[in-house]
There are 2 protein chains.
Amino acid sequence: MPKYPHIKATLKARLLAGKYREGEPIPSESQVASEFKVSRMTARRAVDELEREGYVYRVQGAGSYPTGKRFRQGVFRIRSLEELALELPDQPLPFTKVLKAGISTATPKVSDALRIAPNTAILEIIRLRGLGDLPVLLEKRFLKLEQTEALLKTDLRVESLHDTLVGTLGLSISRVEQTLETANLEHENAKLLELPIGTSAFLMKRISFFGDLPLAYTRYWVRSDRRAFVSVFEP
Amino acid sequence: MPKYPHIKATLKARLLAGKYREGEPIPSESQVASEFKVSRMTARRAVDELEREGYVYRVQGAGSYPTGKRFRQGVFRIRSLEELALELPDQPLPFTKVLKAGISTATPKVSDALRIAPNTAILEIIRLRGLGDLPVLLEKRFLKLEQTEALLKTDLRVESLHDTLVGTLGLSISRVEQTLETANLEHENAKLLELPIGTSAFLMKRISFFGDLPLAYTRYWVRSDRRAFVSVFEP
DNA sequence: GAGTGGTCTAGACCACTCG
DNA sequence: GAGTGGTCTAGACCACTCG
């Protein structure tokens with residue numbers, strides 16, 4: 001039997017019981033190692049997992065502290081269409097329809113997200129993706145023209161355009177910021193997703209950075225009835 | 001400079017460029033170690049992170065394989081009210097209002113989630129939580145009576161009732177399953193969250209397991225305009 | 001049986017925090 | 001300067017996969 005799960009469980013139980021005060025460090029990795037008679041690396045592994053689960057945070061040189069605030073927070077993962085398909089009885093095939101791919105000018109929201117002047121020429125790609133003949137999500141993507149124009153020469157029906165940017169075009173994405181909201185679907189988007197106007201859907205916004213600058217801004221509308229977000233936690 | 005980020009980046013670039021075929025293992029940890037002239041533990045750390053980010057999956061005894069399917073998927077974390085407050089200019093105080101706490105009978109949906117007979121007596125707790133005087137989320141929680149009745153004697157205005165179950169009542173939660181959907185708010189819930197009827201909101205459903213059996217079923221309606229879900233990724 | 005990932009050890013050096 | 005977390009090494013033994 002591995003040793004670190006026991007150490008992790010013991011520390012977690014103490015944290016949940018409030019045995020470590022907020023603002024004060026929990027025992028150091030060396031102390032944990034001697035208490036449980038293991039090497040520091042093994043003690044560290046237990047604390048590693050507590051950190052990843054949000055129970056503690058670490059400060060180099062100072063110690064590890066109970067999080068308190070970030071306690072017990074759910075994490076959701078977006079599932080790919082392929083993964084969703086596996087769950088359905090008839091395992092429908094994913095499809096991608098390219099509705100638009102060309103040059104347009106930045107609206108205020110887009111120029112704001114990309115930090116460029118309004119009305120600058122940009123690359124705009126709109127895709128509808130789904131399973132079988134059911135639409136699941138609508139993507140509207142706005143990209144800085146100079147670095148990404150070559151995208152137009154690639155197959156835009158691939159699952160992830162992000163991978164094309166990184167793999168084929170060789171752009172190294174330094175950071176991705178994304179937020180998740182909900183939205184009442186407006187007429188055009190509702191029609192494409194085959195839902196009544198006003199239906200509630202996920203709205204995900206994503207900005208990809210190339211170096212310090214935004215490179216791409218994408219909005220995704222995702223049908224909520226397709227079990228796109230699921231998570232299971234084993235504490 | 002640490003060595004593992006370089007190894008990780010190199011492997012990731014190869015994966016994105018398609019240099020490793022799906023269904024075939026990437027080089028073993030020992031091979032990576034000799035290629036980059038590091039110990040196996042350092043090579044392993046690089047692969048660890050690739051696994052956590054979903055680029056590869058491992059099979060003990062067989063090897064590590066490119067994921068393909070699960071590629072590049074976003075993860076969202078629910079933020080606590082405290083964390084949200086830190087972002088706002090006036091740093092409003094979180095509040096919790098207990099709207100109901102008592103015994104009721106299970107509706108079909110609830111008995112289904114808890115795997116009990118319909119109309120069984122259960123514990124029902126409804127809370128409204130928010131920041132300053134703005135409501136942010138509504139919680140409706142249904143619990144198996146025998147194990148959780150002691151909850152009624154505790155302070156129900158704490159941030160996390162889950163922590164009370166685990167910490168004070170000493171119930172060990174073996175698993176948490178949660179799904180995230182969106183919903184158009186119905187009249188009563190809309191009124192409590194101070195939004196027009198039909199407004200789109202998050203609907204999170206969570207089932208907590210005690211051993212193999214469901215112990216608690218909770219539905220959360222969360223206002224979408226409060227930036228509850230955010231994630232930043234540094235690839 | 002050879003190779004793989006999973007875990008662990010007992011050390012080491014470093015950057016960092018804190019009084 | 002003492003203590004902390006961050007990284008790394010060179011080994012070791014194990015459970016597991018696969019031909």
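In the text below, chain A, chain B and the rest are named by the order of the sequence lines, each starting its count at 1.
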B:Met1 CE to D:dT7 C1', straight-line distance once rounded to whole Å: 12 Å
Considering the options A:Arg157, A:Arg129, A:Glu139, which one meets the side-chain hydrogen bond (donor to acceptor under 3.5 Å, both in side chains) requirement together with A:Thr96? A:Arg129
Rounding to a whole Å, what distance do you find between B:Met41:CE and C:dG5:P? 14 Å
Looking only at the side chain of A:Arg45 (C-beta and beyond, no hydrogens), which of the listed nucleotides C:dT7, C:dG5, D:dT4 gets closest? C:dT7
Under-4.0 Å side-chain N/O to phosphate OP1/OP2 contact, B:Ser28 with C:dT4: yes
Under 4.0 Å from OP1 or OP2 of D:dG5: is there any side-chain N or O of A:Ser64 that close? yes
Which nucleotide wins on minimum distance to the side chain of A:Thr42, given the candidates C:dC8, C:dG6, D:dG6? C:dC8
I need the NZ-P distance between B:Lys8 and D:dT7, as an integer number of Å. 11 Å
Would you say A:Tyr4 reaches C:dC8's phosphate, i.e. side-chain N/O to OP1/OP2 under 4.0 Å? no
Separation of B:Gln31 atom CD from C:dG5 atom P, in whole Å? 8 Å
C:dG6 phosphate, OP1 or OP2: any side-chain N/O from B:Arg44 under 4.0 angstrom? yes
Do other residues, nucleotides or ligands put more than 12 heavy atoms under 6.0 Å from A:Glu146 CD? no
Of A:Pro5 and B:Glu29, the one whose closest nucleotide on DNA chain C sits nearer the 5' end is B:Glu29
Counting only side-chain heavy atoms from C-beta out, which of C:dC8, C:dG6, D:dT9 sits nearest to B:Val38? D:dT9
When the distance from NZ of A:Lys37 to C1' of C:dA10 is rounded to whole Å, what number comes out? 16 Å
What is the distance, to the nearest angstrom, from the CD1 atom on A:Ile7 to the C1' atom on C:dT7? 12 Å
Between C:dG5, C:dC8, D:dT7, spot the one nearest the side chain of A:Pro2, thanks. C:dC8
Using only heavy-atom distances, determine whether the side chains of B:Arg14 and B:Tyr20 contain a donor-acceptor pair under 3.5 Å. yes
Protein-proximity profile, nucleotides 12-19 of chain C, B/S/- by nucleotide at the 4.0 Å heavy-atom cutoff, equals B--BBB--
Quick one, A:Lys140 with A:Trp221, criterion side chain to side chain contact (heavy atoms under 4.5 Å, CB included). Give me CA distance, side-chain angles, the key distance, then yes/no. CA-CA 9 Å; A:Lys140 297 192 182 177; A:Trp221 287 264; 3.8 Å; yes
Worked verdict on A:Arg21 versus A:Tyr65 for side-chain hydrogen bond (donor to acceptor under 3.5 Å, both in side chains): CA-CA 9 Å; A:Arg21 265 182 295 195; A:Tyr65 298 84; over 6 Å; no
Apply the test side chain to side chain contact (heavy atoms under 4.5 Å, CB included) to residues B:Arg58 and B:Arg44: give CA-CA distance (whole Å), side-chain angles for both, the deciding distance (0.1 Å), then the verdict. CA-CA 11 Å; B:Arg58 284 164 159 150; B:Arg44 186 172 166 76; 3.7 Å; yes
A:Leu180 pairs by side chain to side chain contact (heavy atoms under 4.5 Å, CB included) with which of A:Arg206, A:Met204, A:Lys205? A:Met204
Among B:Val110, B:Leu143, B:Leu145, exactly one meets side chain to side chain contact (heavy atoms under 4.5 Å, CB included) together with B:Ile122. Which residue is that? B:Val110
How does DNA chain D look in dot-bracket notation if pairs are Watson-Crick or G-U with both distances under 3.5 Å, crossing ones as [ ], other-strand ones as |? ||||||||||||||||||.
Kindly assign one of parallel, tilted or perpendicular to the pair A:Phe36 and A:His6, based on the angle between their ring planes and the thresholds 30° and 60°. perpendicular
Consider the side chain of A:Arg58, meaning its heavy atoms from C-beta on, and name the nucleotide among D:dG5, C:dT9, C:dT7 that approaches it most closely. D:dG5
Report, as yes or no, whether the 6.0 Å neighbourhood of atom CG on A:Leu93 holds more than 12 heavy atoms from other residues, nucleotides or ligands. no
